[in-house]
There are 2 protein chains.
Amino acid sequence: MNATIPDPTTLTPSARRILETASTLFYEGGITAVGVDVIAERSGVTKRTLYNRFGSKDTLVATYLLEREMRWRHLVETAVAAPELTAIQRVTAPFDALGEWVQQSPRGCAFINALAELPDPEHPAHQVAAEEKRWLCNLFERLATDAHIADPADLAKRLVCLHEGALAMRAALPEIDSVTIANQTACDLVDAATSGHQTRGEPL
Amino acid sequence: MNATIPDPTTLTPSARRILETASTLFYEGGITAVGVDVIAERSGVTKRTLYNRFGSKDTLVATYLLEREMRWRHLVETAVAAPELTAIQRVTAPFDALGEWVQQSPRGCAFINALAELPDPEHPAHQVAAEEKRWLCNLFERLATDAHIADPADLAKRLVCLHEGALAMRAALPEIDSVTIANQTACDLVDAATSGHQTRGEPL
DNA sequence: CGTTGCATTCACAGGTCTGTATACCTTACG
DNA sequence: CGTAAGGTATACAGACCTGTGAATGCAACG
């Protein structure tokens, strides 16, 4: 029934097609709502092949999220490493990557969506999703540290919240250009964190 | 099949029980994953009664979101109207309401989750969810206007992003106290928007 | 040539899903 | 008393779901 997640970079040709079809359908239609029959049919593959390659739907879901995370990480890492950027600009570079990313992602964050559909913390996909958020938060903290910002952990958490909010709002109210808004806000937060001591309002 | 959404405040006793059971199960287990059979059984009601009262699962889902929105709105509106608050403090008051709200909502935002599961924009629940976000954004803008903030529309969008991000992060990484972080950040944003001209970083 | 791995075809098991049909019971109220 | 509304009980239709079984084709590689 269950199986270990295969390495998305070394897949047989059929498995590749299956994964690509599943990625599209899961993201656009929702994980629970999309059945393996449709995935197999749209991949030009039989269900048997699907199960031979992935072992279970849950594993296919986890593989889908895993590969998506790899693509996202790669995009962010190249954006952050752009040579023309200052250390300060690098801190908000993930928001630039997000701007590209959402062009092909009108339905919000695939990881948040997966968490919404799969409440069971034991589900393999659940941990992939949580891991992605943890990675992003740690990345922000590292970038803030490199930019010699006073409280990098605090800034990182703020930026992660902004980041997720922008993605979520894009699915809910596409007419608001939430990514640009979040990007500007992130720059302001970095500004505030660098220019001397920061006025911090009481949370009442 | 489909039916009009009933008024959640005037329900027969059975319908009340059905809606309450459905609310819990939908939120905790996901909408698609929870079937009407288990809802009926856990409500101590037959499926026939459920269909007599709500007509379809889709309508039941929409009613669930509608009532949840009413409760949330009420909580926010009382928080915003607290007499001891200044106009400036009112702007971030929804974040205080959010602090209470998430005590009973460890699985993130029900509306975002619903959008994740029901991509069809024609689905009645879809519009209830989008409406909630629009309402919150407009509320922020109104509060910012009342507090004589320079660009209320801009600030409102920033605060909505923060708000949604805090909710989403709570589901993904509960160990981060995202609501408190977002509340503090919101206060800082309001501070920055009130104290003279605001340095706005280039989004690169 | 023979093996090995990949994929195919087709059928099926065992559930669960939404939604409906029929017939009966109970309670409130005019 | 009589009626109507709300609810009960049970069974069913028809579709879809995940996952399995058994037999076969085919191409590459030793």
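Residue numbering restarts at 1 for every chain, and letters A, B, ... go by the order of the sequence lines. Just so you know, these numbers come straight off a predicted model, no measurement behind them.
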Can you name the closest pair of heavy atoms from B:Ile176 and A:Lys157 and give their distance? CG2-CD, 3.7 Å
So which nucleotide from D:dG7, D:dA22, C:dA7 ends up closest to the side chain of A:Ser14? C:dA7
Whole-Å distance between D:dA9 C1' and B:Tyr51 OH? 17 Å
How many Å lie between CD1 on B:Ile31 and C1' on C:dC17, as a whole number? 16 Å
Is it the case that the side chains of B:Thr21 and B:Ser43 hold a donor-acceptor pair, with the cut-off being a distance below 3.5 Å and no angle test? yes
What's the closest nucleotide to the A:Ser56 side chain, out of D:dA22, D:dG19, C:dT20? D:dG19
Could you tell me whether the side chains of A:His123 and A:Asp58 share a donor-acceptor contact shorter than 3.5 Å? yes
Listed nucleotide nearest any side-chain atom of B:Thr46, set C:dT9, D:dT8, C:dG19: D:dT8
Could you tell me whether B:Trp101 and B:His163 have their ring centroids closer than 6.0 angstrom? no
If you draw a 6.0 Å radius around CD in A:Gln104, do more than 12 non-hydrogen atoms from other residues or ligands fall strictly inside? no
Choose from D:dT8, C:dC17, C:dA7 the nucleotide whose nearest atom is closest to any side-chain atom of A:Arg53. C:dA7
So if I take every side-chain heavy atom of A:Pro13 and compare against D:dA9, D:dG7, C:dA7, which nucleotide ends up nearest? C:dA7
Grab the CG-C1' distance between A:Leu60 and D:dC17 for me, whole Å please. 15 Å
Checking C:dT9, D:dT18, C:dA7 against the side chain of A:Asp37 (C-beta onward), the nearest is D:dT18
Of all the choices, C:dA21, C:dA7, D:dG7, which nucleotide is nearest to the side chain of A:Thr12 once you look at every atom? C:dA7
Out of C:dG19, C:dT8, D:dT20, whichever nucleotide has its closest atom nearest the side chain of B:Lys57: C:dG19
Separation of D:dG6 C1' from B:Arg48 CZ (nearest whole Å): 13 Å
Both A:Asn52 and B:Thr32 contact DNA chain C. Taking the nearest nucleotide for each, which residue is further toward the 5' end? A:Asn52
Donor-acceptor pair under 3.5 Å: do we get one between A:Lys47's side chain and the base of D:dG19? yes
